[in-house]
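First up is the structure itself, then whatever we jot down about it.
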There are 2 protein chains.
Amino acid sequence: MPSTVEEATSVLKNNHLKITKQRTAMLEFLYNTATRKFVDVTSIDNFMRKTFPNMSHNTIYRNISEFADLGIVERQVQGDRASVKFQCDFEHEHHHHFICSNCGKVIELKDCPLSKEITDQLKGCEVSGHLFQIYGLCPECAQLNK
Amino acid sequence: MPSTVEEATSVLKNNHLKITKQRTAMLEFLYNTATRKFVDVTSIDNFMRKTFPNMSHNTIYRNISEFADLGIVERQVQGDRASVKFQCDFEHEHHHHFICSNCGKVIELKDCPLSKEITDQLKGCEVSGHLFQIYGLCPECAQLNK
DNA sequence: CATTTAAATAGTAATAGTTACTAATGTTGA
DNA sequence: TCAACATTAGTAACTATTACTATTTAAATG
């Protein structure tokens, strides 16, 4: 079992959540398919219920939601689908993404565009967060597209 | 009737779409409630059907979608709600937004964070777009929150 | 101005994604 | 081992959105 699934598991433990078969299976699936890649939630739902025919939607959605609250996964709307990606650094080091609009693959960017000059334009506002993302085709999908 | 609704109307005409009562009513509603502000689609649906009891969902959603294709409105997911804002400059001048996470109000930013240094990190990628948004409370909502 | 034609609409129903509920189960900590 | 309580399965409800089709209507044409 990969170490990052163990990491995620210990995050669950630290937050007094129980380690169930269902949660472990979901973490493994996410680690295998959604590392450095956004995967839409319905395909997770489909896969889990195919693999574990009597797993309920409830369980899947609730767990994804809890994983997100704990920073184990990152949520996002890709196109018009709710998507999720396994979070590699649980430290939450601040960074932004290039996201392939074809396959969902993610490349981390080093820079953060939030500067003082920008926030200075926002007198009186209480800035709480920001989003910076670049979209396009990753090298592989760009090749396929030719 | 405000001139920007007329502008939007002429966009429709230029694209050979018919000027119907329903479309005009929707444009007026959007102009009045969704200028410099994101409004969620279901509340548009609710309002239109309250005002025009026999307007079908189909019509509302289809028109929003067409308005978006023509650049008359800008679509976006706010939190987890599909939202829409009336587009002021039909020129599509490139810009980014501060968005109030409480009321949806929008403030335009002057700067664009996309630099050559950033795209240089993306060798082999085909960049097609980007998103930069700052979230927080607008001055009014920040006050109310105290 | 009357007529034609294709686009747009209303009304209804279906679909998809997500959430709610409750009894049964399973994990964890003592 | 056992008790407590979180988690789950199963079912059903709910909400947002889309599909379908007969009817209406805008606007182009003569």
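Model, not experiment: these values are computed from the prediction.
- With the nearest nucleotide of DNA chain C identified for both B:Arg49 and B:Gln22, B:Gln22 has the one nearer the 5' end.
- Rounding to whole angstrom units, CE of residue B:Met26 and C1' of C:dA10 are separated by 15 Å.
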Below 3.5 Å is the cut-off: list the nitrogen or oxygen pairs between protein and nucleotides 24-30 of chain D, distance only.
from   : atom 1 : to      : atom 2 : distance (Å)
D:dA26 : N3     : B:Lys18 : NZ     : 3.2
D:dA27 : OP1    : B:Ile19 : N      : 2.8

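- Between B:Arg23 and the options B:Thr9, B:Thr59, B:Asn63, a side-chain hydrogen bond (donor to acceptor under 3.5 Å, both in side chains) holds for only B:Asn63.
- Every side chain to side chain donor-acceptor pair (under 3.5 Å) that A:Gln121 has, sequence neighbours left out, goes to B:Asp111.
- Checked against C:dG11, C:dT9, D:dT7, the side chain of B:Asn54 finds its nearest nucleotide in C:dG11.
- Taking atom CG of A:Asn15 as the reference point, atom P of D:dA6 lies 14 Å away to the nearest angstrom.
- When the side chain to side chain donor-acceptor pair (under 3.5 Å) test is applied to B:Glu126, no partner is found at least two apart in sequence or on another chain.
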Could you go through residues 112-119 of chain A and list every donor-acceptor pair under 3.5 Å that involves a side-chain atom there, pairing it with any protein atom two or more places apart or in another chain?
from     : atom 1 : to       : atom 2 : distance (Å)
A:Ser115 : OG     : A:Ile118 : N      : 3.4
A:Lys116 : NZ     : A:Asp120 : OD1    : 3.3
A:Lys116 : NZ     : A:Asp120 : OD2    : 3.0
A:Thr119 : OG1    : A:Ser115 : O      : 3.4
A:Thr119 : OG1    : A:Lys116 : O      : 3.1

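- When hydrophobic side chains of Ile, Leu, Val, Met, Phe, Trp and Tyr are connected at separations under 4.5 Å, B:Val77 ends up clustered with A:Val77.
- A straight line from CD1 of A:Ile64 to C1' of D:dT7 spans 16 Å, rounded to a whole angstrom.
- Note on residues 43-67 of chain A: pairs passing ring-ring contact (aromatic ring centres under 6.0 Å, His included), not counting sequence neighbours, are A:Phe29-A:Phe47.
- Applying the side-chain contact (heavy atoms from CB on, under 4.5 Å) criterion to A:Glu74, with sequence neighbours excluded, gives A:Phe38, A:Gln76, A:Lys85, A:Gln87, A:His97.
- Per the geometry, CD1 belonging to A:Ile44 stands 13 Å off P belonging to C:dG17, to the nearest Å.
- In terms of the side chain to side chain donor-acceptor pair (under 3.5 Å) criterion, residue partners of A:Thr42 (sequence neighbours excluded) are, by chain and number, A:Asp40.
- Residues A:His130 and A:His94 have side chains that bring a donor and an acceptor to within less than 3.5 angstrom of each other.
- Listed by chain and residue number, nothing satisfies the side chain to side chain donor-acceptor pair (under 3.5 Å) test with A:Ser10 (two or more places apart in sequence, or in another chain).
- Base-pairing analysis of DNA chain D finds the following stems of at least three consecutive Watson-Crick or G-U pairs, with both pairing distances under 3.5 Å: C:1-30 with D:1-30.
- Checked against side-chain contact (heavy atoms from CB on, under 4.5 Å), B:Asn58 has the following partners two or more places apart in sequence or in another chain: B:Ser56, B:Arg62.
- Residue A:Phe52 contributes atom CZ, which lies 18 Å from atom P of D:dT7 at whole-angstrom precision.
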Nucleotide N/O of nucleotides 13-19 of chain D paired with protein N/O under 3.5 Å:
from   : atom 1 : to      : atom 2 : distance (Å)
D:dT17 : OP2    : B:Tyr61 : OH     : 2.4

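- Of the side-chain N and O atoms in A:Arg62, none sit less than 4.0 angstrom from OP1 or OP2 of D:dT7.
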